[in-house]
Amino acid sequence: MSTKARILEVAAALVAESPDGDVSTRAVCEAAGVGAPALYRHFGDKEGLLSAVVDHGWDKYLATKRDRAPGTDPVQDLRDGWDTHVEFALHNPNLYRLMNSPAMRKPPAAALESHRILTADLQRAAEQGKLRLAPELAAQIIMSANVGVALMLVSRPATFTDESVSRRVRDSVHTMVFTPDVMAARTATPDPSTLDPSTSEADTSDTSDTSGTVATTEADDSRLPATAARLNALLRQAPAPVLSPAEDALLTEWLNRLSNAPRS
């Protein structure tokens, strides 16, 4: 193992073991058995070292995603992606906080790659008519919520003690970005862990008479934005452009407006 790799491995291990997630360059040098000049030669300073640890963390996080073959159901892939994201955070709390620290001046290339993978999965969902927003906007919404939940779980474990929080937020966000028929199929058999124990069977039966009307109304409301998102996604897959660059830009703007327009 090279000196640079040894310093990086030691720094990552010390960050993981640290009570507050911080580490000193002196401690890293002592644990790696190198002098300070070697650390500064390879990483510049402490910020450069921590940036390298962040890159190392993102590579570790993306290892399974890069090797994953897309499934036939992009919605399930997105559900699984949310869950593995949170699991990674819970297993690497200090590293995860560092990876998402505002102190990092520039997002690592791997962080941008993670966002591209998420957007690609949403693009597949849009091509199948399952998305009610443009993939780019849906990716921003999902990533913001996913990171927010994960950070709360690792930063405030004494407050966020309910194991179902992540799944509840995931399903709420997915209800916002996927078409009602997709979510209706997902909730036909609800997850017992997400049910409110105070809700009785009698309460459920009282609302069952109007559920069909509500679902139909939601489906009608989402039809136009879902169609716009799907058409936009399919046009990007066209083997040869059928519009001029100016026409393509104008149509894309129109379709994004239709799919991303705020709805009550």
Side-chain angles (χ1 to χ4, degrees), residues 8 12 51-102 104-154 166-167 169-179 182-183 186 225-226 228-239 252 255-256 259-260:
L8 181 57
S51 293
V53 171
V54 167
D55 289 338
H56 177 73
W58 277 107
D59 285 336
K60 181 179 179 181
Y61 168 69
L62 288 175
T64 56
K65 291 184 178 293
R66 286 167 175 158
D67 298 335
R68 171 182 62 85
T72 57
D73 184 359
V75 177
Q76 186 61 48
D77 286 347
L78 288 158
R79 287 168 65 88
D80 293 342
W82 177 293
D83 293 342
T84 56
H85 184 120
V86 172
E87 288 173 7
F88 177 86
L90 293 174
H91 285 101
N92 305 273
N94 287 346
L95 179 59
Y96 187 80
R97 283 194 293 267
L98 185 61
M99 288 165 57
N100 292 280
S101 170
M104 294 293 106
R105 299 175 184 175
K106 182 180 179 181
L112 301 178
E113 181 184 350
S114 174
H115 200 84
R116 286 194 298 271
I117 292 173
L118 172 61
T119 305
D121 283 339
L122 288 162
Q123 179 83 8
R124 291 193 296 121
E127 291 167 7
Q128 297 180 16
K130 297 179 177 180
L131 203 63
R132 60 198 299 177
L133 298 172
E136 293 79 8
L137 177 58
Q140 293 175 41
I141 292 171
I142 291 176
M143 184 64 79
S144 299
N146 205 173
V147 172
V149 167
L151 281 175
M152 289 298 98
L153 291 175
V154 301
S166 177
R167 293 191 298 274
V169 176
R170 178 199 66 193
D171 292 346
S172 295
V173 172
H174 284 184
T175 297
M176 182 188 304
V177 302
F178 294 123
T179 55
V182 170
M183 296 311 297
R186 298 284 167 180
R230 185 180 189 188
L231 178 58
N232 204 354
L234 292 174
L235 286 173
R236 298 181 192 184
Q237 301 300 317
T252 297
L255 292 174
N256 281 336
S259 57
N260 296 341

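Remark: Glu113 does not engage Lys65 in a salt bridge, criterion side-chain N to carboxylate O under 4.0 Å. A salt bridge between Asp73 and Lys130 is present, with a side-chain N of the basic residue lying under 4.0 Å from a carboxylate O of the acidic one.
Taking the side chain to side chain donor-acceptor pair (under 3.5 Å) definition, one finds that Arg230 meets it with nothing, sequence neighbours left out. When the ring pair (Phe, Tyr, Trp, His ring centres under 6.0 Å) test is applied to Tyr61, the partners found at least two apart in sequence or on another chain are Trp58, His85, Phe88. Partners of His115 under the side chain to side chain contact (heavy atoms under 4.5 Å, CB included) rule, at least two apart in sequence or in another chain, are Thr119, Ala139, Gln140, Met143.
Using a 4.5 Å heavy-atom threshold, the side chains of Val149 and Arg170 count as separate. Residues Met99 and Asn92 are not in side-chain contact: their nearest non-hydrogen atoms beyond the backbone lie 4.5 Å or more apart. Between Asp77 and Arg124 there is a side-chain heavy-atom pair separated by less than 4.5 Å. Leu78 has its side chain within reach of Leu118: a pair of non-hydrogen atoms, C-beta onward, lies under 4.5 Å apart. Put simply, the side chain of His174 reaches to within 4.5 Å of the side chain of Ile142, judged on heavy atoms.
Atom-to-atom distance recorded for Ile141:CD1 and Glu136:CD is 11.5 Å, nearest 0.5 angstrom. Atom CG in Asp121 sits 11.5 Å away from atom CD in Gln76 (nearest 0.5 Å). Atom CD1 of Ile117 is separated from atom CG of Leu112 by 11.5 Å, given to the nearest 0.5 angstrom.
When all heavy atoms are compared, the tightest approach of Pro93 to Leu90 is CD-O, 3.6 Å. Pairing each heavy atom of Ala134 with each of Ala229, the nearest pair is N-CB, 4.4 Å. Nearest approach of Ala145 to Val173, heavy atoms of both residues: CB-CG2, 3.7 Å. Contact between Val86 and Ser166 at its shortest, heavy atoms only, is CG2-OG, 3.4 Å. Listed here is the closest heavy atom pair of Ala110 and Asp59: CB-OD1, 4.0 Å. Heavy atoms only, all atoms of each residue included: Asn232 and Asn256 are closest at ND2-OD1, 3.1 Å.
Side-chain atoms of Arg97 come within 3.5 Å of backbone atoms of Val154 as a donor-acceptor pair (strictly under, hydrogens ignored).
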request  = Please lay out, stage by stage, how Asp171 and Arg79 fare under the test salt bridge (charged side-chain N to carboxylate O under 4.0 Å, His left out).
outcome  = CA-CA 9 Å; Asp171 292 346; Arg79 287 168 65 88; 3.3 Å; yes
request  = Could you give me the CA-CA distance, side-chain angles and deciding distance for Val53 and Leu8, then say whether side chain to side chain contact (heavy atoms under 4.5 Å, CB included) is met?
outcome  = CA-CA 6 Å; Val53 171; Leu8 181 57; 3.9 Å; yes
